[in-house]
Every structure is written in C-alpha cells, then in structure tokens.
2 protein chains.
Amino acid sequence: MKIREEYTCPLELAHDITRGKWKPIILWQLRLGNTSLTNLERNIQSINQKMLIEQLKELMEFGMIDKRVFEGYPLKVEYFLTDRGKRMIEAITILQHIGIELMQENGMEEALREKGFIE
Amino acid sequence: MKIREEYTCPLELAHDITRGKWKPIILWQLRLGNTSLTNLERNIQSINQKMLIEQLKELMEFGMIDKRVFEGYPLKVEYFLTDRGKRMIEAITILQHIGIELMQENGMEEALREKGFIE
DNA sequence: CTGGATCCCGAATGATACTG
DNA sequence: CAGTATCATTCGGGATCCAG
C-alpha cells in the first residue's frame with residue numbers, strides 16, 4: 001500500500017489507506033461484529049486467503065481493525081473493527097447507497113434483487 | 001479505471017469509481033462551488049493537467065460531476081458537483097476527519113497547522 | 001488434519017515522463 | 001496538450017510453512 005508524501009489534504013492519507021480493491025468490503029463485512037478469517041473468505045466473492053490476510057494486516061497497521069488470538073485448540077482468531085474502523089463504516093455506508101443507485105440506473109436491478117439489496 | 005464484474009456488494013462499484021489517487025481530492029476541491037481546470041490544477045499538490053483531465057472525464061462518466069462550457073471568448077469551462085457528487089462529499093468529509101486524526105497521532109501536527117487544518 | 005500466515009513471481013493496472 | 005513509452009504498484013495463483 002503506497003502512501004504519498006506530498007498531499008493537499010489529510011483526506012488523501014485516509015484514502016491511501018482504504019484504497020485497495022478489498023479494503024472497503026472487508027470493513028463492511030466486519031460491521032456486524034467479530035468474525036474469523038474463514039468466515040470473511042466465505043462471505044466475500046472472489047477473494048482468496050492470501051489477499052485477505054494481506055489486507056487485514058494493512059488495515060490493522062492503521063488502526064481500522066484489530067484481532068484477538070485465542071489460545072488452545074481449535075486455533076481461533078477473530079477480527080473486529082476499532083472505533084476508527086466504525087467511523088469508516090459511516091463513509092462506506094454512503095458508498096453503498098451510491099452503488100445501489102448506480103446499479104439501478106444501469107439496469108442491474110436483477111442482481112440487486114437476487115442479493116436482497118432492494119425490494 | 002477498472003470495474004470488477006463479480007462483487008459482493010454495491011459499495012464495491014462505488015469504490016471502484018472513486019479509487020484513483022486523485023479522485024477524492026478533486027471532488028473535495030469542487031465542494032465549494034464551480035471552478036475551472038486551471039484553478040483545480042493550482043489547488044491540488046503535484047497533479048498535472050493530463051491527470052486532471054483524465055480523472056475529470058471518468059468522474060463525469062459516472063455522474064459525480066458535470067461541466068458547463070461557455071460560448072464565446074474568452075474560452076471558459078466550469079466543473080461542478082452533481083447531487084451524487086455532493087453525497088460523495090459526505091463520505092469524503094469522514095475521510096478528512098480520519099486523516100486529520102491519523103496525522104495527529106503520527107506527530108504531523110506541524111503540517112496540519114501550516115495548512116490551517118487545526119488550531 | 002485444519003486454520004492461519006508467508007513467499008515468490010508473472011500479469012494486469014495505474015501513474016508519470018517523454019515527445020513531437 | 002494528446003499519444004505513447006516507461007516505470008511502479010497491485011493483484012492473483014500456487015507452493016509452502018507453522019502450530020496445535
């Protein structure tokens with residue numbers, strides 16, 4: 001993840017941090033509470049474990065999420081949003097609305113209906 | 001700008017559209033009202049005209065901004081936010097707050113003060 | 001064996017420099 | 001100031017490793 005050195009506004013720093021292909025959807029999946037790697041992998045279309053771990057690590061570096069590692073067997077790790085991550089969710093919620101609107105405009109209502117985003 | 005075909009949520013579509021290095025800051029600069037290309041170029045650190053035009057075109061394709069071309073001399077073009085772009089600004093405002101917070105945590109208050117973001 | 005994590009590498013994409 | 005070449009970064013596949 002590349003962070004620029006020259007910037008006009010702090011928003012660019014926040015943007016650099018959340019700019020990857022998978023970061024917003026990962027945060028979004030975490031909005032409902034703690035969850036495991038496997039769970040995330042199941043719930044995010046087309047992602048693979050490697051990508052997931054990479055992105056989670058980067059999100060952790062900037063305090064958007066955190067993880068809890070449980071001792072003993074079976075091995076268990078849970079990821080969850082920090083307060084900052086929760087504030088990020090507010091921004092992502094707006095993206096969600098805009099995305100739905102864009103899809104409706106482009107005749108993709110069918111896809112939206114299938115996944116239960118409308119109706 | 002690459003738009004994925006497989007997605008879990010509409011938010012990913014909105015994210016794909018605003019993911020470029022320059023898009024959020026361009027929208028942000030437009031938040032205060034109509035402005036010209038030259039003005040944008042002046043107000044955004046390290047951007048060049050080519051990038052700017054490219055990004056503006058893409059933002060226009062997805063209805064985030066629009067432009068108005070004035071007839072006659074001198075030649076004049078103004079860019080401005082659409083309603084969708086204005087909703088996007090709400091998300092970017094959250095990024096701005098998070099960015100300021102991140103910079104404060106990392107001892108970059110000086111930079112913030114210089115540009116008038118704090119104090 | 002299972003779940004989590006790392007490494008390497010080629011391909012795709014994005015950003016900037018160059019050039020006429 | 002548009003088109004193209006170049007350089008940098010991100011993404012994805014697959015092998016591999018570690019610990020219980």
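So you know, we letter chains A, B, ... as the sequences are listed, proteins then strands, and number each from 1.
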### Task
Assign A:F70 to base, sugar-phosphate, or nothing according to its heavy-atom contacts below 4.0 angstrom with the strands shown.
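Touches nothing.
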
### Task
Look at all strands and tell whether A:L37 reaches a base, only sugar-phosphate, or nothing, counting heavy atoms closer than 4.0 Å.
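Counting heavy atoms under 4.0 Å across all strands, the contact made by A:L37 is with sugar-phosphate only.
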
Protein-nucleotide distance ([X], atom [atom1]; [N], atom [atom2]), rounded to Å:
X     : N      : atom1 : atom2 : value
A:I53 : C:dG3  : CD1   : P     : 13 Å
B:R4  : C:dT13 : CZ    : P     : 13 Å
B:E58 : C:dG14 : CD    : C1'   : 10 Å
B:Q55 : C:dG14 : CD    : P     : 10 Å
A:E54 : C:dT6  : CD    : P     : 10 Å
A:M51 : C:dA5  : CE    : P     : 15 Å
A:K67 : C:dG4  : NZ    : P     : 10 Å
A:I47 : C:dG4  : CD1   : C1'   : 15 Å

### Query
Do any N or O atoms from the side chain of A:H15 and from the backbone of B:K23 form a donor-acceptor pair under 3.5 angstrom?
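Side chain of A:H15 to backbone of B:K23, a donor-acceptor pair under 3.5 Å: no, none is there.
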
#### Entry: Sidechain-backbone polar pair: A:S36 side chain, A:V77 backbone, donor-acceptor under 3.5 Å
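The answer is no, because no donor-acceptor pair under 3.5 Å joins these two groups.
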
### Task
Please confirm whether any donor atom in the side chain of A:Q49 sits under 3.5 Å from an acceptor in the base of C:dG4, or the reverse.
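Side chain to base: pair present.
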
### Query
Quick one: does B:I26's side chain get under 4.5 Å of B:I65's, heavy atoms only?
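Sidechains of B:I65 and B:I26: no contact.
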
### Message
When you compare the side chain of A:M88 with that of A:F62, does any pair of heavy atoms fall below 4.5 Å?
### Response
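Not touching, per the 4.5 Å side-chain cut-off.
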
### Message
From C-beta outward on A:T38, which listed nucleotide comes closest to its side chain: C:dA5, C:dA15, C:dG3?
### Response
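Within the option list, the nearest is C:dG3.
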
So which atom in [X] and which in [Y] form the shortest heavy-atom distance, rounded to 0.1 Å?
X     : Y     : result
A:M1  : A:I17 : SD-CA, 3.5 Å
B:L56 : B:Y79 : CD1-CZ, 3.7 Å
A:G99 : B:L13 : O-CD2, 4.1 Å

### Residue pair B:K67, B:V69: steps toward the side chain to side chain contact (heavy atoms under 4.5 Å, CB included) verdict
CA-CA 7 Å; B:K67 76 173 170 185; B:V69 181; 4.3 Å; yes

### Task
Output the distance between atom CD1 (B:I89) and atom CG (B:L81), rounded to the nearest 0.5 Å.
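The CD1 atom of B:I89 sits 5.0 Å away from the CG atom of B:L81.
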
### Message
Check A:E110 with A:R113, please: is the shortest side-chain N to carboxylate O separation under 4.0 Å?
### Response
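A:E110 and A:R113: salt-bridged.
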
### Trace of the side chain to side chain contact (heavy atoms under 4.5 Å, CB included) decision for A:K21 with B:R19
CA-CA 8 Å; A:K21 178 173 180 182; B:R19 177 153 134 68; 3.7 Å; yes

### Residue-phosphate contact under 4.0 Å: A:Y79 side-chain N/O, C:dG3 OP1/OP2
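It does not, given that no N or O in the side chain of A:Y79 lies less than 4.0 Å from OP1 or OP2 of C:dG3.
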
Where do N or O atoms of nucleotides 17-19 of chain C meet protein N or O atoms at under 3.5 Å, pair by pair?
| residue | atom | partner | partner atom | Å |
| --- | --- | --- | --- | --- |
| C:dA17 | N6 | B:K50 | NZ | 2.6 |

### Message
Would you say that more than 12 heavy atoms from the other residues, nucleotides or ligands in this model lie under 6.0 Å from the NZ of A:K115, or not?
### Response
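Yes, enclosed.
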
### Query
Does any residue of residues 6-25 of chain A have a heavy atom under 4.0 Å from DNA chain C, and if so, which ones, in number order?
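Heavy-atom cutoff 4.0 Å gives A:R19.
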
#### Entry: Heavy-atom contact window of chain B on DNA chain D, given 5' to 3' at under 4.0 Å
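In short, chain B contacts DNA chain D from D:dC1 to D:dC11.
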
